[in-house]
Amino acid sequence: MNNVELIRTLPKAELHVHIEGTFEPELMFEIAQRNQIQIPYASVEEVKQAYNFHNLQSFLDIYYAGANVLIHEQDFYDLAFAYFKKCHEDHVVHTEIFFDPQTHTERGVSFQTVLNGLKKACTDAKTQFGISSHLIMCFLRHLSEESAIATLEQALPYKQDIIGVGLDSSEMGHPPSKFQNVFAKAREEGLLVVAHAGEEGPAEYVWEALDLLHVNRIDHGVRSEEDEQLMQRLIAEKMPLTVCPLSNLKLCVVSDMAEHNIHRMLQQGVKVTVNSDDPAYFGGYMNDNFYAIEKSLDLSQDDLKQLAINSFEASFITDAEKAKWIEEIQAIV
Ligand code: HPA
Ligand code: ZN
């Protein structure tokens with residue numbers, strides 16, 4: 001089997017995907033029309049032309065504007081179910097999905113509306129495709145810690161439906177230390193915790209996520225390579241990094257895929273995983289990310305298998321489920 005066939009065959013877990021970032025222009029138009037909301041584009045082609053980003057903020061401005069058309073439970077269901085269909089095509093068998101409640105509650109859409117739509121899609125994905133999933137609620141770091149605390153309190157009655165909390169949006173100037181209290185409270189409530197760090201922000205933000213937020217995983221973390229001591233810590237603690245190659249290219253975190261550090265980090269023993277981040281905006285879903293790094297970084301079949309194994313080891317499924325998927329990967333010849 002060649003590398004492309006292997007990528008398609010491998011069962012994979014996705015651990016870094018923002019559901020609002022899976023919003024394909026076609027579906028955005030359909031939902032905008034049904035909800036009678038104006039969007040500033042005349043056609044799907046025009047939307048795609050607007051996806052010309054030069055950094056994280058230029059993406060976020062468009063990403064938040066797109067999310068504005070989501071109003072009803074059905075909208076959130078349609079959004080998530082469309083993503084699950086892509087998972088099915090790519091043999092992603094487990095996914096841990098981020099959602100940004102504040103993007104919706106600030107517009108008057110209730111937390112329950114968002115959660116119910118997403119949950120129903122998760123249930124149907126399990127029955128129709130056999131895909132398992134968890135939901136991770138992210139705090140927007142450009143907003144205050146008070147707003148994050150209010151969001152956590154709003155979510156606590158639905159705690160059984162959420163595996164953990166995360167931290168996303170504009171990284172620079174909003175270090176993890178700003179959210180120490182809300183993360184401590186989330187951990188006290190038994191929630192797992194992850195945070196975006198070291199995407200645009202410095203290695204120092206990764207240290208903060210580890211030492212102050214006590215994260216179970218780092219999202220992105222590609223700038224960790226700038227700090228050798230940090231690299232040693234990540235390796236020693238087997239701390240997973242949820243790396244998003246096409247996102248890094250599209251947001252100019254790297255200038256060329258051939259310069260991406262995911263292969264170097266894998267070879268050094270960092271538990272890196274491959275993820276799509278915001279696939280509707282960055283040019284591809286899980287397998288597209290694998291194809292892109294396979295093409296540019298000279299990955300071996302053992303590397304590809306290790307990346308798939310890492311995705312399950314770094315996930316929040318049970319040890320028995322992890323063992324089952326890893327065994328299946330190791331049996332592929
Ligand atoms: N980084 C930060 N915030 C985000 C991202 C990202 O890549 N995608 C959606 N929100
Ligand atoms: Zn992200």
Side-chain angles (χ1 to χ4, degrees), residues 13-24 28 50-51 53-68 70 76 79-80 83 95-104 106 114 118 134-143 147-148 151 164-176 178-179 193-202 205-206 208-209 213 215-224 240-254 260 262 272-286 288-289 292 311 314-315:
E14 174 139 79
L15 309 177
H16 185 158
V17 60
H18 302 261
I19 204 63
E20 297 87 351
T22 69
F23 208 0
E24 291 289 345
M28 198 183 289
Y51 294 177
F53 314 117
H54 49 276
N55 60 18
L56 176 58
Q57 194 60 51
S58 59
F59 154 69
L60 290 170
D61 293 342
I62 286 183
Y63 160 88
Y64 293 130
N68 281 342
L70 299 162
F76 292 92
L79 176 66
Y83 164 66
T95 175
E96 301 186 355
I97 301 176
F98 294 139
F99 68 109
D100 289 339
Q102 288 153 300
T103 299
H104 312 298
E106 284 205 326
V114 180
L118 298 179
H134 288 310
L135 294 172
I136 299 175
M137 165 181 105
C138 286
F139 304 119
L140 298 180
R141 68 205 301 159
H142 67 274
L143 301 179
S147 174
T151 304
V165 301
L167 187 63
D168 64 2
S169 188
S170 325
E171 189 178 7
M172 295 305 279
H174 303 285
K178 180 178 161 185
F179 295 93
V193 301
V194 299
H196 284 52
E199 177 187 18
E200 280 191 346
Y205 285 18
V206 179
E208 283 193 12
L213 304 186
V215 292
N216 301 93
R217 294 195 294 250
I218 296 283
D219 295 315
H220 292 296
V222 287
R223 287 195 60 193
S224 304
L241 303 187
T242 62
V243 178
C244 308
L246 287 173
S247 165
N248 294 155
L249 186 66
K250 196 78 180 164
L251 300 186
C252 307
V253 170
V254 292
H260 201 288
I262 188 167
V272 287
T273 64
V274 177
N275 305 272
S276 69
D277 205 5
D278 301 284
Y281 293 88
F282 298 152
Y285 289 78
M286 175 64 90
D288 301 311
N289 276 273
S311 76
S315 75

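Side chains are part of it too, since the values below use all heavy atoms of this structure and drop only hydrogens, waters and symmetry mates. All ligand and atom numbering here is 1-based and tracks the order in the structure.
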So, does Glu171 sit close enough to ligand 1 that a heavy atom of it is under 4.0 Å from the ligand?
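Judged by the 4.0 Å heavy-atom criterion, Glu171 does not count as contacting ligand 1.
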
Does ligand 1 have an atom under 4.0 Å from some heavy atom of Leu251?
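False for this residue.
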
Would you please classify the geometry between the Phe53 ring and the Tyr281 ring as parallel, tilted or perpendicular, with 30° and 60° separating the classes?
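Tilted.
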
Side chain to side chain contact (heavy atoms under 4.5 Å, CB included) with Phe98: which of Ile19, Asp219, Leu167, Leu135?
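Of the listed residues Ile19, Asp219, Leu167, Leu135, the side chain to side chain contact (heavy atoms under 4.5 Å, CB included) partner of Phe98 is Asp219.
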
Just to be sure I'm reading this right: ignoring hydrogens, which of Ser169, Gly21, Gly166 gets closest to atom 3 (N) of ligand 1? Compare them by their nearest heavy atoms.
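Checking each option, the heavy atom nearest atom 3 (N) of ligand 1 is found in Ser169.
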
Polar contact flag, side-chain donor to acceptor under 3.5 angstrom, Asp100-Tyr63:
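A donor-acceptor contact under 3.5 Å links the two side chains.
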
Establish, from distance only, whether the side-chain atoms of Asn289 and Ser276 form a donor-acceptor pair under 3.5 Å.
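Asn289 vs Ser276: no donor-acceptor pair found between side chains.
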
Decide yes or no for [X] and [Y]: does some side-chain heavy atom of the first lie under 4.5 Å from some side-chain heavy atom of the second?
X: Leu140; Y: Tyr64; answer: yes
X: Glu106; Y: Leu143; answer: yes
X: His104; Y: Leu70; answer: yes
X: Glu14; Y: Asn275; answer: yes
X: His18; Y: Asp277; answer: yes
X: Ser315; Y: His134; answer: no

Going by the order shown, which atoms of ligand 1 are within less than 4.0 Å of some heavy atom of [X]?
X: His196; answer: 1 (N), 2 (C), 6 (C)
X: Phe59; answer: 8 (N), 9 (C)
X: Leu56; answer: 1 (N), 2 (C), 6 (C)

Where is the nearest protein heavy atom to [atom]: which residue, which atom, and how far?
atom: atom 7 (O) of ligand 1; result: Asp277 OD2, 2.7 Å
atom: atom 8 (N) of ligand 1; result: Asp278 OD2, 2.7 Å
atom: atom 1 (N) of ligand 1; result: Glu199 OE1, 2.8 Å
atom: atom 5 (C) of ligand 1; result: His18 NE2, 3.6 Å

Using a 4.0 Å heavy-atom cut-off, which part of Asp100 comes near ligand 1: side chain, backbone, both, or neither?
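Neither part.
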
Ligand 1 versus Glu20, non-hydrogen atoms closer than 4.0 Å: side chain, backbone, both, neither?
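For Glu20, there is no contact with ligand 1 at all, from either part.
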
Tell me whether the Zn ion (ligand 2) has [X] as a neighbour, meaning an N, O or S atom of it below 2.8 Å.
X: His18; answer: yes
X: Asp277; answer: yes
X: His220; answer: no

Which atom of His16 approaches the Zn ion (ligand 2) most closely (N/O/S):
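Looking only at N, O and S atoms of His16, the one nearest the Zn ion (ligand 2) is named NE2.
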
Any nitrogen or oxygen of His16, main chain or side chain, under 3.5 Å from a nitrogen or oxygen of ligand 1?
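Looking only at distances, the answer is no, because the N/O contact criterion of under 3.5 Å is not met.
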
Backbone N or O of Gly201 within a donor-acceptor pair of the Glu171 side chain at under 3.5 Å?
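Judged by distance alone, yes, a pair lies under 3.5 Å.
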
